[in-house]
Chemist: 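This is the structure I have questions about; it appears just below.
Hydrogens, waters and symmetry mates play no part in the numbers below; they use all other heavy atoms, side chains included. Residue numbers begin at 1 in each chain, while the letters A, B, ... track the order of the sequences.
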Amino acid sequence: MTIDLILRDKVLEAVENLYQQKMPAETVQVQITRKEFEGDLTVVVFPFLRFSKKSPEQTAEEIGNYLLQNVSEVNAFNVVKGFLNIRISSSYWLSVLNSAHTNPDFGIKKHGGNSPVVMIEYSSPNTNKPLHLGHIRNNLLGYSLCEILKANGNRVVKTNIVNDRGIHICKSMLAWQKWGNGETPQSSGMKGDHLVGKYYVLFDREYKKEIADLIADGMNSDEAEQSAPLIIEARELLRKWENKDPETIGLWKTMNSWVYEGFDVTYKKLGVDFDKIYYESDTYIVGRDEVLRGLDEGIFYQKDDGSVWADLTADGLDHKILLRSDGTSVYMTQDIGTAKKRFNDYTIDKMIYVVGNEQNYHFQVLSILLDKLGFEWGKGLHHFSYGMVELPNGKMKSREGTVVDADDLIGEMVQVARKTSEELGKLEGLPEHEAEETFRTIALGALKYFILKVDPKKNMLFNPEESIDFNGNTGPFILYTYARICSVLRKAAEQGIEFQPLDMNIETTEKEQELIKKIAQFEHVVEEAGIMYSPALIANYVYDIVKEFNQFYHDFSILKEENEQVRNLRLVLAETIAKIIRSGMKLLGIGVVDRM
RNA sequence: GCUCCGGUAGCUCAGUUGGAUAGAGCAACGGCCUUCUAAGCCGUAGGUCAUGGGUUCGAGCCCCGUCCGGAGUACCA
């Protein structure tokens with residue numbers, strides 16, 4: 001039991017004994033004392049006044065005395081207005097440090113055979129274009145969320161649903177047929193997903209020209225969009241696909257395989273992976289059958305034109321289409337099918353969808369529809385909704401080419417990492433492939449931290465003009481601190497300094513206790529991140545503790561400390577911080593380097 | 001129109017279930033490399049927490065109104 005919980009219980013006990021009143025446990029707030037006040041932990045006594053019927057100062061004084069007498073870890077206390085500041089014995093802090101240092105899995109809960117199974121869907125790309133910065137945010141959040149949930153004792157199934165069918169892919173296919181001259185990734189030297197994306201953009205450009213021509217001939221814009229020859233041809237191609245026309249299916253498979261090869265490269269660079277991949281071309285039929293069953297059972301209704309709808313007005317929403325009048329599936333149909341397949345394939349306790357907040361409404365509807373169809377897990381699904389990445393001039397649009405390409409961005413980051421490192425000249429003498437690996441880790445660390453430190457639910461801005469920073473509150477700063485700790489530990493080993501068991505009676509300075517208090521928070525932060533679904537919590541915590549350590553590192557020498565016990569304490573501190581950085585970064589999907 | 005989300009320093013972002021004098025980084029300015037890695041450290045400056053009310057011992061956080069920005073509201077995905 002940690003000290004804040006002990007204090008909470010003892011405060012409850014104190015109020016009971018002193019004022020003969022029982023308070024609910026949540027009335028007690030134990031928080032870390034602000035730096036400018038004397039003490040380690042603070043109890044806010046305002047909420048107790050209605051029980052004590054005394055002034056804040058007097059109440060705090062009485063409870064403080066009770067704690068001093070009844071809790072061995074409490075050394076002293078002082079009262080400022082309604083705040084009871086408590087000084088905890090330094091031997092308690094040392095014991096915290098000691099257990100953090102000796103426990104190899106500090107802060108990480110192990111999962112076992114009966115741990116809950118959480119399935120997390122993330123990434124979910126379309127196969128008509130390469131990944132961009134928006135997808136990067138999705139992938140990084142999804143991957144990190146998996147790591148965080150694992151660290152909280154869950155079994156995690158990482159899944160991906162590939163949107164491999166639909167009009168969008170037909171657009172790329174059509175453009176390639178018309179203007180591709182048989183171009184392939186091999187013949188062009190282009191990465192497969194980029195090649196297919198090129199034709200998607202080309203389609204859009206030609207399509208827009210046709211629309212403009214039609215409008216010039218006097219057609220209104222809606223009509224022009226519907227009747228441009230290219231879109232009619234694309235629809236025809238989709239019909240051919242649905243009818244399993246061999247040539248169309250063949251081209252579809254070929255172009256998709258190019259895209260998958262491309263995605264694999266990008267996923268690998270990002271360091272994300274999946275346990276199970278679903279394809280909409282497999283699941284949309286399952287969904288259609290479910291919708292038809294719902295129609296049979298009177299859950300949905302059919303219009304005269306044959307389209308199938310759900311009436312959600314009773315749930316405060318509107319009517320939602322589930323099957324088009326020609327019987328083909330829409331997005332929602334596919335998601336119903338995918339969900340059903342997943343719950344058939346796995347025993348799932350919780351399903352999480354990592355999807356942008358533009359689809360909040362979609363998931364609200366999906367949840368209700370699954371529930372109506374009789375799936376008990378429908379209501380419990382969780383939409384991990386994250387904000388968009390915006391550019392200075394607004395949203396990214398693939399069709400118009402105003403995107404920050406994932407591969408380009410990663411490449412640029414590696415360039416900057418290499419250039420910076422070479423200027424500083426710190427990796428001289430390291431074999432080239434090892435240096436390259438280090439540059440890559442630093443670059444990805446910068447990118448990942450940049451994305452993950454932001455509250456997931458908020459929109460964030462990326463300015464391509466100013467490349468992602470490597471100084472300050474950044475991934476490289478954290479990695480740099482880690483590398484320096486590693487360096488100290490290496491030198492300690494070279495000098496034959498060995499770790500000894502912590503002397504529990506040693507005096508600790510304020511600064512050392514500050515660090516230990518922060519170390520003690522790690523478990524709590526991991527737990528909180530799991531509850532709030534927030535990698536940002538981890539990121540900001542790690543930054544905070546690293547900054548604190550850096551100041552410490554600057555003010556106190558470790559290896560040159562003469563007193564052996566003190567030196568040992570500081571080495572233990574350094575090693576424990578290194579462990580937290582390693583664990584924290586792992587939860588964010590960021591690798592560490594031992595020199596940079 | 002309706003629904004949902006956001007607005008904190010010049011810029012990008014933190015800010016624990018409401019707690020003490022709202023914090024970082026970047027950019028600016030001034031210091032610190034003969035000392036465990038200067039991708040670092042210290043200092044200066046920078047705020048009407050969009051805005052007006054309300055709730056209470058206490059509001060950046062909760063409630064209502066207003067303004068600004070974004071998203072959704074498709075037989076697109």
Chemist: Between A:R137 and A:Y386, is NZ or CZ placed under 6.0 angstrom from the six-membered ring centre and within 45° of the ring axis?
Modeler: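 No, a cation-pi geometry is absent between A:R137 and A:Y386.
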Chemist: Could you state the CE-P distance from A:M332 to B:rU73, rounded to the nearest angstrom?
Modeler: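 Answer to the nearest Å: 10 Å.
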Chemist: With a 3.5 Å cut-off and no angle check, do the side chains of A:Y331 and A:Q359 form a donor-acceptor pair?
Modeler: yes
Chemist: In terms of side-chain heavy atoms, does A:H168 have a donor or acceptor partner in A:N163 at a distance below 3.5 Å?
Modeler: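 The answer is no; no qualifying pair exists.
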Chemist: NE2 of A:H383 versus P of B:rA71: gap in Å, rounded?
Modeler: 16 Å
Chemist: Distance check needed: B:rA77 C1' versus A:D335 CG, whole Å only.
Modeler: 10 Å
Chemist: First locate atom CZ of A:F363, then atom CD1 of A:I368, and finally report the distance between them rounded to the nearest 0.5 Å.
Modeler: 13.5 Å
Chemist: B:rU37 and B:rA24: how far apart are their P atoms, nearest whole angstrom?
Modeler: 27 Å
Chemist: Using atom CE of A:M396 as one end and atom C1' of B:rA71 as the other, report the distance to the nearest whole Å.
Modeler: 15 Å
Chemist: Find the distance A:N393:CG to B:rG69:C1' and express it as a whole number of Å.
Modeler: 15 Å
Chemist: Quick check: do A:V43 and A:I63 have side-chain heavy atoms less than 4.5 Å from each other?
Modeler: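 Heavy-atom side-chain distance check fails, nothing below 4.5 Å.
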Chemist: Taking atom P in both B:rG72 and B:rG15, what distance in whole Å separates the two?
Modeler: 26 Å
Chemist: Can you check the distance between B:rU17 and B:rC62, where both ends of the measurement are the C1' atom (answer in whole Å)?
Modeler: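 Straight-line distance between the two C1' atoms is 12 Å.
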Chemist: So, applying side chain to side chain contact (heavy atoms under 4.5 Å, CB included) with A:F552, which one of A:E514, A:K547, A:R570 is it?
Modeler: A:R570
Chemist: Please give the distance between the C1' atoms of B:rA9 and B:rG47 as a whole number of Å.
Modeler: 6 Å
Chemist: Base, sugar-phosphate, or nothing: which does A:S421 touch, judged by heavy atoms less than 4.0 Å apart?
Modeler: base
Chemist: Where does B:rC33 fall, syn or anti, if syn means a chi angle no more than 90° from 0?
Modeler: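 You should classify B:rC33 as syn.
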Chemist: Please report the distance separating the P of B:rC57 from the corresponding atom of B:rA50, rounded so that it comes out in whole Å.
Modeler: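 One P to the other, the span is 25 Å.
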Chemist: Using the C1' atom in both, what is the distance from B:rG25 to B:rC68, to the nearest Å?
Modeler: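 Per the computed distance, 27 Å lies between those C1' atoms.
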Chemist: Please determine, by modelled atom types, if A:H319 and A:Y301 share a side-chain donor-acceptor pair under 3.5 angstrom.
Modeler: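 Present: a donor and an acceptor within the cut-off.
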Chemist: Compile the donor-acceptor pairs under 3.5 Å between side chains in residues 484-491 of chain A and protein atoms, sequence neighbours left out, one pair per line.
Modeler:
{"residue": "A:R484", "atom": "NH2", "partner": "A:N550", "partner atom": "OD1", "Å": "2.1"}
{"residue": "A:R490", "atom": "NH1", "partner": "A:D594", "partner atom": "O", "Å": "3.3"}

Chemist: Please list each protein N or O that sits under 3.5 Å from an N or O in nucleotides 13-15 of chain B, with the distance.
Modeler:
{"residue": "B:rC13", "atom": "OP1", "partner": "A:L461", "partner atom": "N", "Å": "2.5"}
{"residue": "B:rA14", "atom": "OP1", "partner": "A:D455", "partner atom": "N", "Å": "2.4"}
{"residue": "B:rA14", "atom": "OP2", "partner": "A:K458", "partner atom": "NZ", "Å": "3.4"}

Chemist: Touch check for A:D318, heavy atoms < 4.0 angstrom, all strands: base, sugar-phosphate only, or nothing?
Modeler: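 Touches sugar-phosphate only.
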Chemist: Does a donor on one side chain and an acceptor on the other come within less than 3.5 Å for A:S367 and A:Q364?
Modeler: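 A:S367 vs A:Q364: no donor-acceptor pair found between side chains.
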Chemist: State whether the side chain of A:T441 and the backbone N or O of A:E437 hold a donor-acceptor pair below 3.5 Å, judged by distance alone.
Modeler: yes
Chemist: Determine the Euclidean distance between corresponding C1' atoms of B:rA22 and B:rG60; express it in Å to zero decimal places.
Modeler: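 It comes out at 8 Å once rounded to the nearest Å.
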Chemist: What pattern of brackets, bars and dots sums up RNA chain B from 5' to 3', given Watson-Crick or G-U wobble pairs under 3.5 Å, [ ] for crossing pairs and | for another strand?
Modeler: (((((((..((((.....[...)))).(((((.......))))).....(((((..]....))))))))))))....
Chemist: Rounded to the Å, how far apart are A:R235 CZ and B:rC76 P?
Modeler: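 So the CZ-P distance, A:R235 to B:rC76, works out to 8 Å.
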Chemist: Scan residues 354-368 of chain A against RNA chain B and write down, sorted by residue number, each residue with any heavy atom closer than 4.0 Å; if none is found, say none.
Modeler: A:E358, A:Q359, A:Y361
Chemist: Charged N to carboxylate O below 4.0 Å: is that the case for A:R567 and A:E498?
Modeler: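 Salt bridge absent between A:R567 and A:E498.
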Chemist: Is the charged tip of A:K303 near the ring of A:W309: under 6.0 Å from the six-membered ring centre and within 45° of its axis?
Modeler: yes
Chemist: If you take the centroid of each ring, where Trp contributes its six-membered ring, are A:Y449 and A:Y543 closer together than 6.0 Å?
Modeler: no
Chemist: Do A:N360 and A:H383 have side chains that approach each other closer than 4.5 Å (heavy atoms only, starting at C-beta)?
Modeler: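 In short, these two side chains touch, coming nearer than 4.5 Å.
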Chemist: Among side-chain atoms of A:N139 and A:S123, is any donor-acceptor pair under 3.5 angstrom?
Modeler: yes
Chemist: Once you apply a heavy-atom cut-off of 4.0 Å, does A:I442 come out as touching a base, just sugar-phosphate, or nothing?
Modeler: base
Chemist: What is the distance, rounded to the nearest whole Å, between atom CD of A:E465 and atom P of B:rU12?
Modeler: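 Taking atom P of B:rU12 as the reference, CD of A:E465 is at 14 Å.
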Chemist: Take A:L424 and A:R324, find for each the nucleotide of RNA chain B with the closest heavy atom, and name the residue whose nucleotide sits nearer the 5' end.
Modeler: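 On the 5' side of the pair lies A:L424.
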Chemist: Detail all sub-3.5 Å separations between protein N/O atoms and N/O atoms belonging to nucleotides 34-37 of chain B.
Modeler:
{"residue": "B:rU35", "atom": "O2'", "partner": "A:K560", "partner atom": "NZ", "Å": "2.8"}
{"residue": "B:rC36", "atom": "O3'", "partner": "A:K491", "partner atom": "NZ", "Å": "3.4"}
{"residue": "B:rC36", "atom": "O2", "partner": "A:I558", "partner atom": "N", "Å": "3.3"}
{"residue": "B:rC36", "atom": "O2", "partner": "A:L559", "partner atom": "N", "Å": "3.0"}
{"residue": "B:rC36", "atom": "N3", "partner": "A:I558", "partner atom": "N", "Å": "3.0"}
{"residue": "B:rC36", "atom": "N4", "partner": "A:Y553", "partner atom": "O", "Å": "2.4"}
{"residue": "B:rC36", "atom": "N4", "partner": "A:F556", "partner atom": "O", "Å": "2.6"}
{"residue": "B:rU37", "atom": "OP1", "partner": "A:S487", "partner atom": "OG", "Å": "2.7"}
{"residue": "B:rU37", "atom": "OP2", "partner": "A:S487", "partner atom": "OG", "Å": "3.4"}
{"residue": "B:rU37", "atom": "OP2", "partner": "A:K491", "partner atom": "NZ", "Å": "2.7"}
{"residue": "B:rU37", "atom": "O2'", "partner": "A:Y480", "partner atom": "OH", "Å": "2.3"}
{"residue": "B:rU37", "atom": "O2", "partner": "A:K426", "partner atom": "NZ", "Å": "3.0"}
{"residue": "B:rU37", "atom": "N3", "partner": "A:M596", "partner atom": "O", "Å": "2.9"}
{"residue": "B:rU37", "atom": "O4", "partner": "A:M596", "partner atom": "N", "Å": "3.2"}

Chemist: Let me know the distance between CG of A:D469 and P of B:rA24, rounded to the nearest Å.
Modeler: 17 Å
Chemist: Identify whether any heavy atom of A:I167 sits under 4.0 Å from a base atom; if not, whether one sits that close to sugar-phosphate; answer base, sugar-phosphate or nothing.
Modeler: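 Since only primed, P, OP1 and OP2 atoms lie under 4.0 Å of A:I167, the category is sugar-phosphate.
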Chemist: Do A:E528 and A:H524 come close enough that some side-chain heavy atom pair is under 4.5 Å?
Modeler: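 The answer is yes; the side chains approach within 4.5 Å.
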Chemist: Checking A:Q302 side chain against A:G306 main chain: does a donor-acceptor pair fall under 3.5 Å?
Modeler: yes
Chemist: Using the P atom on both, measure B:rU51 against B:rC42 and round to a whole Å.
Modeler: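 The answer is 32 Å between these two P atoms.
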Chemist: Can you see whether A:D164 engages A:S281 through a side-chain donor-acceptor pair at a distance of less than 3.5 angstrom?
Modeler: yes
Chemist: Which atom pairs link the protein and nucleotides 16-20 of chain B when you take only N or O atoms and keep those under 3.5 Å?
Modeler:
{"residue": "B:rG19", "atom": "N7", "partner": "A:Q29", "partner atom": "OE1", "Å": "3.4"}
{"residue": "B:rG19", "atom": "N7", "partner": "A:Q29", "partner atom": "NE2", "Å": "3.4"}
{"residue": "B:rA20", "atom": "OP2", "partner": "A:R34", "partner atom": "NH1", "Å": "2.4"}
{"residue": "B:rA20", "atom": "N6", "partner": "A:T42", "partner atom": "OG1", "Å": "2.9"}
{"residue": "B:rA20", "atom": "N6", "partner": "A:N85", "partner atom": "OD1", "Å": "3.0"}
{"residue": "B:rA20", "atom": "N1", "partner": "A:N85", "partner atom": "OD1", "Å": "3.3"}

